[in-house]
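Read the structure below first, then the notes.
When a residue number appears, it is its place in the shown sequence, counting from 1. These numbers come from a predicted model, not from an experiment.
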Amino acid sequence: MEDMEPLSRLDRKIWGIAWPAILANISVPLLGLVDSAILGHLGNSRYLAAVAVGAALLTFLYWGFSFLRMGTTGLVARAEGAGRHDRATLVLLRSSALALLIAATVFSLREPLIGLGLYLMAPAPDLYPLAASYAHIRIYSAPAVLVTYTVLGWFIGRQDTRWPMLVVIVTNLANIALDFLLVMGLDLRSDGAAWATVIAEYLGCAVALASARHKLPRDPIEELRRKLLDWRAYRALLRSNRHLFVRTVCLLFAFAFFVAQGENLGSEVVAANTLLVHLMMVAAYGLDGFAFAAEGLSGQRLGARDLPGFYRAVHRCALWSAITAAVVSVGLLAASAPMITLLTDLENIRALMRTYYPWLVVLPLLAAPAYLLDGVFVGASETRYMMSTMLLSLLGVFLPLWYFTQGLGNHGLWLSFAAFNLARGITLYLCYRDLNHKAGWLR
């Protein structure tokens, strides 16, 4: 019986999924640091600033389609749990087809999308042409990025995060090597950084597809093609993805709103906030590892209709997530002085960071339930709850609380952002408890 699985074995499964995901995630900010270091040595800060603007625009755009990863994970996990490996394969193929369709749409609309994005970001006149050139080059990677999302989602749904770790690390190492070649060696500057990322993302996609190909069953091509063209079968995928799309757009808006309001408080405040948010995102990567574990394990248990095993997996993931959040918060508190000193030489920015640093310390504890329960609901493919709770937390908590605490300045902004993260966890838990009472997980 799955629900009688020893806790030690379940813990090994959880950590077996979590640690590669954590390692892969940590490599992302390290890549950003290397990019910044290379561009920062060109003798003109315009190139670094232009890449920062262009990269933020493309990150915002691509992250908006990250539902392709999450939607694939939940459906694959349930199919694998039910022993329907053929269905899991079809989810991957259909998700990849949807990714290519979206990528083609994005590419065909690249001019208005990039123009609108740069208009909203309003870079300085001397940065605009460099940022625009960077973004127009990076948009060529749309098919690679979106297809990679689906393949990584398929692997996570199968409780395998080692291949995704390899894909991310290969992509980042290739990007670093190409940065040295194109930016430093060939003096292509910000355009070189863009082409380095495009080539690295296609290399990462190739590694992802090759690794998935070895894991896929050898079904007859004609049979797969017939099932792939059955448009009725796309309904579950589209239904799940539309909920996740709305949820992701709301999350992106929350971050963009936080940054925008910081800018209204002055350049020094926004600089301090930006550095603190970078630290917050690094801290979140550790918690994301257990969210990935919850996605794979909860979906697999529900697919096998093993409700006791589902609760057991959720409870153990919650325990490790809580322990990790506490360790991260204590670590941030203990390392506050050297961390602030390392990140900036400007004493006025350091002073502001010290003032708002307590918010950074408590955020992992406040946000951990939301990260974990996001994983549970993704694995269960109950994505409409993620959408509704995100809307409630944004429109009912974050924005109203910010409005009434503007007199507190940046503290009011951080308070609203912290309450938003806490509200996400509370509302998702209420939905989780409601589904428990209604026995709605197995419907």
Give a yes or no answer on whether the side chain of [X] reaches the backbone of [Y] with a donor-acceptor pair at less than 3.5 Å.
X	Y	value
Arg78	Ala380	yes
Ser66	Trp63	yes
Ser336	Leu333	yes

Among all residues two or more places apart in sequence or in another chain, which pass the salt bridge (charged side-chain N to carboxylate O under 4.0 Å, His left out) test with Arg316?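 Once residues adjacent in sequence are excluded, the partners of Arg316 under the salt bridge (charged side-chain N to carboxylate O under 4.0 Å, His left out) criterion are Asp11.
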Using salt bridge (charged side-chain N to carboxylate O under 4.0 Å, His left out) as the criterion, list what pairs up with Arg158, not counting sequence neighbours.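 Arg158: salt bridge (charged side-chain N to carboxylate O under 4.0 Å, His left out) contacts with Glu80.
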Any non-hydrogen side-chain atom of [X] less than 4.5 Å from a side-chain atom of [Y]?
X	Y	result
Ile139	Leu58	yes
Trp163	Val151	no
Phe258	Asn273	yes
His243	Phe377	no
Tyr149	Thr72	no

Value rounded to 0.5 Å, distance of [atom1] in [X] from [atom2] in [Y]:
X	Y	atom1	atom2	value
Ser95	Leu90	OG	CG	10.5 Å
Ser416	Tyr403	OG	OH	13.0 Å
Asn175	Glu201	CG	CD	7.5 Å
Leu287	Ile22	CG	CD1	8.5 Å
Thr171	Tyr202	OG1	OH	13.0 Å
His136	Ile114	NE2	CD1	4.0 Å

Parallel, tilted or perpendicular for Phe67 and Phe65, by the 30°/60° rule?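 Ring orientation, 0 to 90° scale: perpendicular.
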Of all the heavy-atom pairs spanning [X] and [Y], show the shortest one and how long it is.
X	Y	value
Ala293	Ile14	CB-O, 3.9 Å
Leu203	Ala174	CD2-CB, 3.7 Å
Val167	Gly204	CG1-O, 3.5 Å
Val328	Pro364	CG1-CG, 3.9 Å
Pro369	Leu366	CD-O, 3.6 Å
Tyr371	Ala284	OH-CB, 3.5 Å

I would like to know whether Val147 and Leu209 meet side chain to side chain contact (heavy atoms under 4.5 Å, CB included); could you show each step before the answer? CA-CA 9 Å; Val147 169; Leu209 291 172; 4.0 Å; yes
Partner set under side-chain hydrogen bond (donor to acceptor under 3.5 Å, both in side chains) for [X], not counting sequence neighbours:
X	result
Ser96	Thr150
Arg247	Asp374
Tyr62	Ser141
Asp288	none

Please lay out, stage by stage, how Leu307 and Leu302 fare under the test side chain to side chain contact (heavy atoms under 4.5 Å, CB included). CA-CA 6 Å; Leu307 199 56; Leu302 292 176; 4.0 Å; yes
Counting only heavy atoms not in Tyr429 (residues, nucleotides, ligands), do more than 12 fall under 6.0 Å from its OH?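 Counting other residues, nucleotides and ligands, OH of Tyr429 stays at 12 neighbours or fewer.
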For [X], all residues meeting ring-ring contact (aromatic ring centres under 6.0 Å, His included), sequence neighbours excluded:
X	result
Phe253	Phe257
Trp15	Phe290, Trp320
Phe292	none
Phe107	Tyr140

Answer with yes or no whether the side chains of Trp154 and Asp160 bring together a donor and an acceptor at under 3.5 Å.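 Note: Asp160 and Trp154 side chains miss the donor-acceptor criterion.
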Side-chain atoms of residues 388-402: list all donor-acceptor pairs with protein atoms under 3.5 Å, sequence neighbours left out, distances to 0.1 Å.
unit_1	atom_1	unit_2	atom_2	d
Ser388	OG	Arg384	O	3.2
Ser388	OG	Tyr385	O	3.2
Thr389	OG1	Tyr385	O	2.8
Thr389	OG1	Met386	O	3.3
Ser393	OG	Thr389	O	2.8
Ser393	OG	Arg424	N	3.3

Would Tyr432 and Trp441 count as a close aromatic pair, with their ring centres under 6.0 Å?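 Yes: the rings meet the under 6.0 Å criterion.
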Salt bridge (charged side-chain N to carboxylate O under 4.0 Å, His left out): which pairs involve residues 65-75, sequence neighbours left out?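 Listed by first then second residue: Arg69-Glu295.
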Test side chain to side chain contact (heavy atoms under 4.5 Å, CB included) applied to Met70 and Thr248, step by step: CA-CA 11 Å; Met70 291 182 285; Thr248 303; 3.9 Å; yes
Identify the residue among Ile199, Thr197, Val183 that makes a side chain to side chain contact (heavy atoms under 4.5 Å, CB included) with Leu178.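 Only one option passes, and that is Ile199.
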Taking it one step at a time, do Thr161 and Trp19 satisfy side chain to side chain contact (heavy atoms under 4.5 Å, CB included)? CA-CA 8 Å; Thr161 53; Trp19 78 259; over 6 Å; no
